[in-house]
Every structure is written in C-alpha cells, then in structure tokens.
Protein chains: 2
Amino acid sequence: MVRSDPVDTLRRHGLSITAQRLAVLRALARRPHGSADAIVEQVRAEINVISRQAVYNALGTLTEKGIIRRIQPAGSPAIYENRVGDNHHHLICRTCGKTVDVDCAVGKAPCLKASDHAGFQIDEAEVIYWGTCSKCLGAASGIRDQAIPRRNLKVSASKTEPKRNPI
Amino acid sequence: MVRSDPVDTLRRHGLSITAQRLAVLRALARRPHGSADAIVEQVRAEINVISRQAVYNALGTLTEKGIIRRIQPAGSPAIYENRVGDNHHHLICRTCGKTVDVDCAVGKAPCLKASDHAGFQIDEAEVIYWGTCSKCLGAASGIRDQAIPRRNLKVSASKTEPKRNPI
DNA sequence: CGTAATTGTGGACTGAATCAAAAAAAATAA
DNA sequence: TTATTTTTTTTGATTCAGTCCACAATTACG
C-alpha cells in the first residue's frame with residue numbers, strides 16, 4: 001500500500017484539494033524532515049507563490065488529520081515528516097540539525113509504557129536522541145554548517161572552561 | 001547527600017554568588033517544574049526585583065553547569081528542574097501542562113541506546129510521554145485550566161465537523 | 001579597601017508561530 | 001454549466017519566548 005497520491009490522500013480525509021496543500025505534501029514527500037520555512041521555500045520553487053500562513057495552515061490541518069507528523073525539537077523550529085503511525089523516533093544532530101529516523105530501541109512499542117503512569121492516560125511517547133552526526137564529528141573544528149542553528153544550547157564551546165569538576 | 005545549600009552549590013561550581021541566582025535556585029527547589037516566566041514571578045515574590053534577563057542568565061549558566069536541567073516540551077515554553085543526573089523522563093498533560101517525573105521505562109538507562117546510530121554520537125536521550133492527567137481526565141468537558149496553554153495542538157474541538165447535522 | 005572581572009538592568013530586537021478580516025478558490029446545489 | 005455556500009488563502013498585524021546590547025551594579029580577589 002504505497003498510495004502516495006496526494007490528491008487521494010486529501011480526499012480520503014475529507015479535505016479540500018488545493019494547490020497549496022498538494023505542494024506541501026509533495027515537498028514533504030521529497031524531503032523527509034522539513035521545517036515550516038524550508039517547506040515554504042520548496043513550495044515556492046514549485047508553485048510560484050504561497051503565503052507563509054498557507055503553509056502553516058496546511059501543515060496544521062495535515063497534522064490534525066494525522067497525515068503528517070510534527071516534531072518540535074528543543075530549541076529549534078518544528079519540523080514535519082510524512083512517515084506516520086509507526087512509532088519511530090528521531091536522532092538529531094546538535095550541530096547541523098540533521099534529523100534521521102530511528103526505530104524504537106527495544107522492539108515494537110515499549111516506549112509507550114512508562115514505568116509509573118501517575119494517573120495519566122498516555123497517548124504518545126516522544127523520544128529524541130541528541131548527538132552529533134558523523135559529518136559534524138569530522139568537522140568538529142568550526143565549520144558551522146548550521147542547517148538549523150539551535151540557539152538554545154548556546155555554543156559555549158570553551159567559554160567556561162572548567163567542565164571537569166575539580167575534586 | 002542532600003546538600004541543598006544553594007550557596008554551596010554555586011561555590012562548588014565556581015560561580016559567583018548573587019542574590020538572583022540564589023533566588024532562582026530556591027524557586028526551583030520549591031517548585032519542581034517551572035517555566036522561566038513562572039520563576040520570574042516566584043523570584044519577584046521573594047526578592048523584590050529581578051530582571052527577566054537575569055533569570056534567563058541564571059537558568060542558562062545553571063543549566064550549563066549541570067546544576068539544573070532544561071526540558072523543552074514541544075510547543076510549550078521551556079521548563080526547568082533541579083533533579084539532575086539520573087536519566088529520568090517526563091510525563092506531561094496536554095491539557096493543563098502538569099509535568100511529573102517518571103523513571104526510565106525499562107530499567108537503568110536503556111533509552112540511551114538507539115537501535116541504529118546512523119553514525120551519530122549520541123549524548124542524550126530525551127523522552128517525553130504525552131497524555132492527560134487524572135484531573136483533566138475527570139474534567140474532560142471544558143474546564144480549561146491551562147497552566148501551560150499549549151497553543152500548537154490547537155483545540156480544534158468541533159471546528160471541522162459541520163457535516164454532522166447539529167440539530 | 002580598591003580594582004578587575006563578572007553579573008544584572010532595561011530596552012530594543014529577533015524569529016517562529018498565531019490571529020483576524022477581506023479576497024479567492026473549492027465544494028455543493030440548482 | 002452557473003449560482004451560492006463553505007472552505008482556504010492572502011495580507012498584515014500581533015503575540016510570545018527568548019536573545020542582544022550597552023551601561024550600571026555587584027562580586028571576587030589581591
């Protein structure tokens with residue numbers, strides 16, 4: 001069941017079919033993990049014009065319908081993906097923002113069970129692995145590729161030296 | 001090892017001791033999961049005046065030093081906690097934002113291992129369980145307590161259901 | 001103490017995302 | 001088809017969390 005036809009997808013969910021939504025879907029099909037801004041750009045390359053708001057609208061309703069998924073990594077703008085419904089997780093590079101999918105660590109969907117629910121009714125387990133991708137590991141010096149310039153984990157390279165705790 | 005003396009904590013990490021930092025630490029000791037804004041408020045109740053920036057500064061350096069931890073739930077402002085170094089996770093109520101700690105699902109620190117590293121060097125696994133707390137489950141109607149008003153998962157109650165004849 | 005370094009203050013500013021009203025396009029009915 | 005109604009897009013302003021900046025205040029250290 002590949003059924004990757006965007007028109008059909010929209011229709012099946014009872015959504016109006018608009019050029020903008022189709023373009024957003026295609027953009028997501030092309031690039032797995034795009035930020036709203038990246039999608040705006042991509043869509044503008046395909047369709048000539050689209051408002052930023054229209055992209056947010058599309059992403060919003062598509063997310064609501066469960067057609068796409070929104071991931072909101074700490075300190076970075078949200079990114080979207082069209083792989084849904086299989087409880088996979090993400091591995092994000094702190095340096096360049098590159099995001100890759102990883103399957104659940106312990107098998108099927110064990111992450112969905114917290115050891116103590118504390119009375120909560122859990123509907124989703126979100127797992128993000130933070131690290132450094134191989135490319136950024138290599139260029140560890142100062143290349144600063146910065147696809148998604150995470151401003152929060154402030155660069156802090158060697159500003160406050162004494163990382164190693166004395167005594 | 002309770003060693004909850006803020007002055008000592010700061011000193012041990014080679015940080016200057018300022019009224020603002022102490023107040024921030026105390027605020028965090030009092031309330032486990034506070035947003036920057038909530039902390040500003042709390043600190044202003046104790047100390048008379050503190051700039052928002054000072055709070056952000058304090059939270060930033062304390063986070064850098066590993067004295068506190070920053071959690072950035074999708075779509076909500078960051079929250080901070082003073083329980084660090086034990087790889088626990090969080091359970092957040094989508095409705096009211098209430099956050100509780102949960103210990104790692106599968107034992108010690110299994111979540112730290114993704115099944116496929118894809119060449120990444122992982123340094124942290126962030127796990128957030130999303131759900132609804134017991135209180136909000138009860139008041140499922142429309143109480144709208146909204147401690148942290150997650151604006152992203154837009155309420156979307158029945159906006160897109162005009163198909164159903166409303167009588 | 002006095003001086004240098006660190007930290008705090010207030011205000012302007014940024015970027016991501018949202019809101020709101022009018023214009024345009026789709027869906028539905030005729 | 002055309003008319004009409006509903007949904008979506010556009011445009012522009014607005015919020016919100018967080019940051020940047022220059023200068024004043026405080027802290028640490030000799």
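Throughout, protein chains are lettered first and strands after them, A, B, ... in sequence-line order, and every chain is numbered starting at 1.
Nucleotide C:dA16 holds its C1' atom 14 Å from the CD atom of B:Gln72, rounded to whole Å. A straight line from CD1 of A:Ile47 to C1' of C:dA25 spans 14 Å, rounded to a whole angstrom. Straight-line distance from the CZ atom of A:Arg52 to the C1' atom of D:dT14: 15 Å, rounded to whole Å. Computed from coordinates, the B:Ile39 CD1 to C:dG8 C1' distance equals 17 Å when rounded to whole Å. If you measure from atom CG of B:Leu62 to atom C1' of C:dT7, you get 13 Å, rounded to the nearest angstrom. In this structure, A:Ile71 places its CD1 atom 17 Å from C1' of C:dA16, rounding to the nearest Å. Between A:Arg70 atom CZ and C:dT18 atom C1' the separation is 11 Å, expressed in whole Å. B:His13 has its NE2 atom 18 Å from the P atom of C:dT6, to the nearest Å.
Neither OP1 nor OP2 of C:dA25 sits under 4.0 Å from any side-chain N or O of A:Gln20.
No donor-acceptor contact under 3.5 angstrom links the side chains of B:His89 and B:Asp101, judged on distance only.
Closest-nucleotide positions on DNA chain D for B:Ala78 and A:Val49 were compared, and the one nearer the 5' end corresponds to A:Val49.
Considering every non-hydrogen atom in both B:Leu137 and A:Gly119, the closest pair reads CD1-O, 4.2 Å. In terms of heavy atoms, B:Phe120 sits closest to A:Cys93 at CE2-N, 3.4 Å. Closest approach of A:Val84 and A:Glu81 over heavy atoms only: CG1-O, 4.4 Å.
Direction change of the helix axis from one end of the helix from C:dC1-D:dG30 to C:dA30-D:dT1 to the other is 40°, with five pairs defining each end axis (rounded to 10°).
Under the side chain to side chain contact (heavy atoms under 4.5 Å, CB included) rule, B:Val102 has a single partner from B:Ile128, B:Leu91, B:Val127, which is B:Leu91.
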Summary of protein contacts for nucleotides 20-30 of chain D, nucleotide by nucleotide, where a base hit scores B, a sugar-phosphate-only hit scores S (4.0 Å, heavy atoms): B------SS--

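Salt bridge status for A:Arg69 with A:Glu126: absent, with no side-chain N to carboxylate O gap under 4.0 Å.
B:Arg21 places a side-chain N or O within donor-acceptor distance of the main-chain N or O of B:Ser16, the cut-off being under 3.5 Å.
At most 12 heavy atoms of other shown residues, nucleotides or ligands fall within 6.0 angstrom of atom CZ in B:Arg11.
For residues 34-44 of chain A, the pairs satisfying salt bridge (charged side-chain N to carboxylate O under 4.0 Å, His left out) are A:Asp37-A:Arg52, with sequence neighbours left out.
For A:Ala54, the side-chain atoms get nearest to D:dT10 when compared with the rest of C:dT9, D:dT10, C:dA16. Proximity note for A:Tyr56 (side chain, C-beta onward) versus C:dT18, C:dG8, D:dT19: the nearest is C:dT18.
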